[in-house]
Every structure is written in C-alpha cells, then in structure tokens.
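Okay, so here's the structure we're looking at.
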Amino acid sequence: MENFRRVQIMDVDDGTLLPFKNLHPHVAQMRVKEGSKIRNLVGYALSYMGSEGTGQIVFSAYGRAVTKAITCVEILKRQVGGLHQITKVQYKVLQEVWQQKGTEINNPAPCLTVHKNVPSICILLSKDPLDPQENGYQAPQSFCKRETQDEAISMKRKANESIGEGEG
C-alpha cells in the first residue's frame, strides 16, 4: 500500500433511512463529521430544540466522529433536560479508491477499490415520550445542575487543600 494513495472516499449507504420508528416529519438531522465543531453543533441543536413545535433531533456519525456525536448529545441533554433518548449502533459501508503514486511501477491494477465497514451511531433525542420497550432507550435523567456545580467546586477545594497540606 506504500505505492498507493487514497484519492476518493464514497459513502455507499448515503441516503438510507434513519433506523427509528414514528419520527416527526420535520425532525432535524445533525450529521456529525470528524472536523465538526462541537460548539456549532450544540448551538444549533439548542436553538432548534428551544423553538416551538420542534421536539425531536437526530445526531448521526460514523468512524472517528462517533465520540464527538456522543459528546454533543450529552451536552444537549444537560442543557435542555427531560429528553428521551434512543441509540442505534450499526455499521456503515465506505468505498475507498486508491491510485498508484507513480508510473515507474508496472502493476496491472492502476486503481484499487476497498470496501470498509466502519461503526456508526444514530441517536434520537425527543421532548415527547418514546417507547421504553425499544432497544437502546434511555429515560430522561433527573439532576439539578446547580447542585452538581456546587459539588464540583467543593471537591476541587478539598483536592487543593489536601495537596497544600502534603507539601508542608
């Protein structure tokens, strides 16, 4: 493979339907990519979920962007609160085209096509209740944001005090 370079990546599964039942007709789909900025994704999602008449949003990602999509979902769940979640994990097929680097190598195959299965995730967040019997369902989390911040501050203070005592 050192004599080849990747020239194209095609998404074979592009345009497939979302793996969720009973979606609202105007559900927003956030396609998270490796270079996407979390603050941009979360900012749009917050404004979308804050508007009237919208109650569902789907985050989808594949490959190395999966962790970024999960991060966005967790931030959004903390900011909005009371969101029901269904998570679907699957594989996505990518087709890579590789081309020879130079003409000095006489290989009968000037191009190679590689089909890759990469992990992908689709996460549905909804203000409306979802079917709890659905695989991947998570009920809304109940927590008080203020108490969590206060606990974090007190834990930091205790850690700093114990470090300060140990230096003496």
Side-chain angles (χ1 to χ4, degrees), residues 1-2 4-99 109 111-149 151-152:
M1 291 301 282
E2 65 272 354
F4 288 86
R5 62 184 167 90
R6 187 172 55 207
V7 293
Q8 187 178 20
I9 299 175
M10 293 182 288
D11 188 358
V12 176
D13 295 337
D14 200 24
T16 57
L17 297 174
L18 294 172
F20 304 110
K21 303 177 219 169
N22 304 326
L23 285 177
H24 285 233
H26 302 293
V27 64
Q29 185 175 0
M30 306 290 290
R31 290 190 175 111
V32 181
K33 300 198 178 195
E34 198 175 327
S36 301
K37 302 284 186 216
I38 291 176
R39 72 173 163 260
N40 294 344
L41 294 167
V42 172
Y44 177 79
L46 281 170
S47 65
Y48 178 81
M49 293 300 274
S51 63
E52 290 295 319
T54 57
Q56 291 183 340
I57 191 167
V58 175
F59 284 85
S60 60
Y62 63 89
R64 292 188 285 191
V66 168
T67 54
K68 192 171 281 196
I70 293 170
T71 301
C72 291
V73 166
E74 292 300 322
I75 292 170
L76 188 62
K77 283 173 27 180
R78 285 188 174 265
Q79 295 292 324
V80 175
L83 294 176
H84 298 263
Q85 175 180 339
I86 295 179
T87 304
K88 300 287 184 179
V89 179
Q90 54 203 9
Y91 283 97
K92 187 176 196 80
V93 179
L94 296 181
Q95 180 178 344
E96 292 183 349
V97 178
W98 293 72
Q99 197 174 46
C111 289
L112 293 175
T113 303
V114 179
H115 292 274
K116 290 175 109 177
N117 288 329
V118 294
S120 68
I121 193 166
C122 287
I123 303 171
L124 168 65
L125 294 176
S126 177
K127 292 178 184 176
D128 304 325
L130 299 170
D131 182 16
Q133 301 303 317
E134 180 93 25
N135 286 339
Y137 175 78
Q138 291 182 25
Q141 296 175 350
S142 60
F143 61 89
C144 180
K145 189 175 181 179
R146 186 68 193 155
E147 287 178 10
T148 306
Q149 288 176 346
E151 288 174 5

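Worth knowing before you read on, the calculation uses all heavy atoms, side chains too, and leaves out hydrogens, waters and symmetry mates.
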Inset, instruction - Compare all side-chain heavy atoms of Gln85 with those of Val73 and state whether any distance is below 4.5 angstrom. - result: yes

Inset, instruction - Take Ser36 and Glu34 through the side-chain hydrogen bond (donor to acceptor under 3.5 Å, both in side chains) test and state the conclusion after the steps. - result: CA-CA 6 Å; Ser36 301; Glu34 198 175 327; over 6 Å; no

Inset, instruction - Ignoring hydrogens and angles, tell me if any N or O in the side chain of Lys127 forms a donor-acceptor pair with the backbone of Gly81 under 3.5 Å. - result: no

Legend entry - Note, Leu112 side chain near Val97 side chain (heavy atom, < 4.5 Å): no

Inset, instruction - Flag the pair Glu96 and Lys116 as a salt bridge only when some basic side-chain nitrogen lies within less than 4.0 angstrom of an acidic carboxylate oxygen. - result: yes

Inset, instruction - Flag yes if more than 12 heavy atoms outside Asn40 fall under 6.0 Å of its CG atom; otherwise flag no. - result: yes

Inset, instruction - Can you see which heavy atom on Lys33 is nearest to which on Lys68, and at what distance? - result: O-CD, 3.9 Å

Legend entry - Minimum-distance pair of heavy atoms, taken over all atoms of Phe59 and Ala45: CZ-CB, 3.9 Å

Legend entry - Heavy-atom side-chain proximity of Lys77 to Gln138 below 4.5 angstrom: yes

Inset, instruction - Identify the heavy atoms of Met49 and Leu125 that sit nearest to each other, and give their distance. - result: CE-O, 4.4 Å

Inset, instruction - Take His84 and Tyr137 through the test side-chain contact (heavy atoms from CB on, under 4.5 Å) and record every step on the way to the result. - result: CA-CA 8 Å; His84 298 263; Tyr137 175 78; 2.7 Å; yes

Inset, instruction - Identify the two heavy atoms, one from Arg6 and one from Trp98, that lie closest to each other, and give their separation to 0.1 Å. - result: N-CE3, 3.4 Å

Inset, instruction - Applying salt bridge (charged side-chain N to carboxylate O under 4.0 Å, His left out), name anything that partners Lys88, two or more places apart in sequence or on another chain. - result: Glu134

Legend entry - Close side-chain approach of Met30 and Cys72, heavy atoms under 4.5 Å: no

Legend entry - Closest heavy-atom pair and its distance - Leu76, Leu83: O-CD1, 4.1 Å

Inset, instruction - Taking the side chain as every heavy atom from C-beta outward, state whether Ile121 and Tyr62 have any pair of such atoms under 4.5 Å apart. - result: no

Inset, instruction - Can you see which heavy atom on Ile57 is nearest to which on Tyr48, and at what distance? - result: CD1-CD2, 4.1 Å

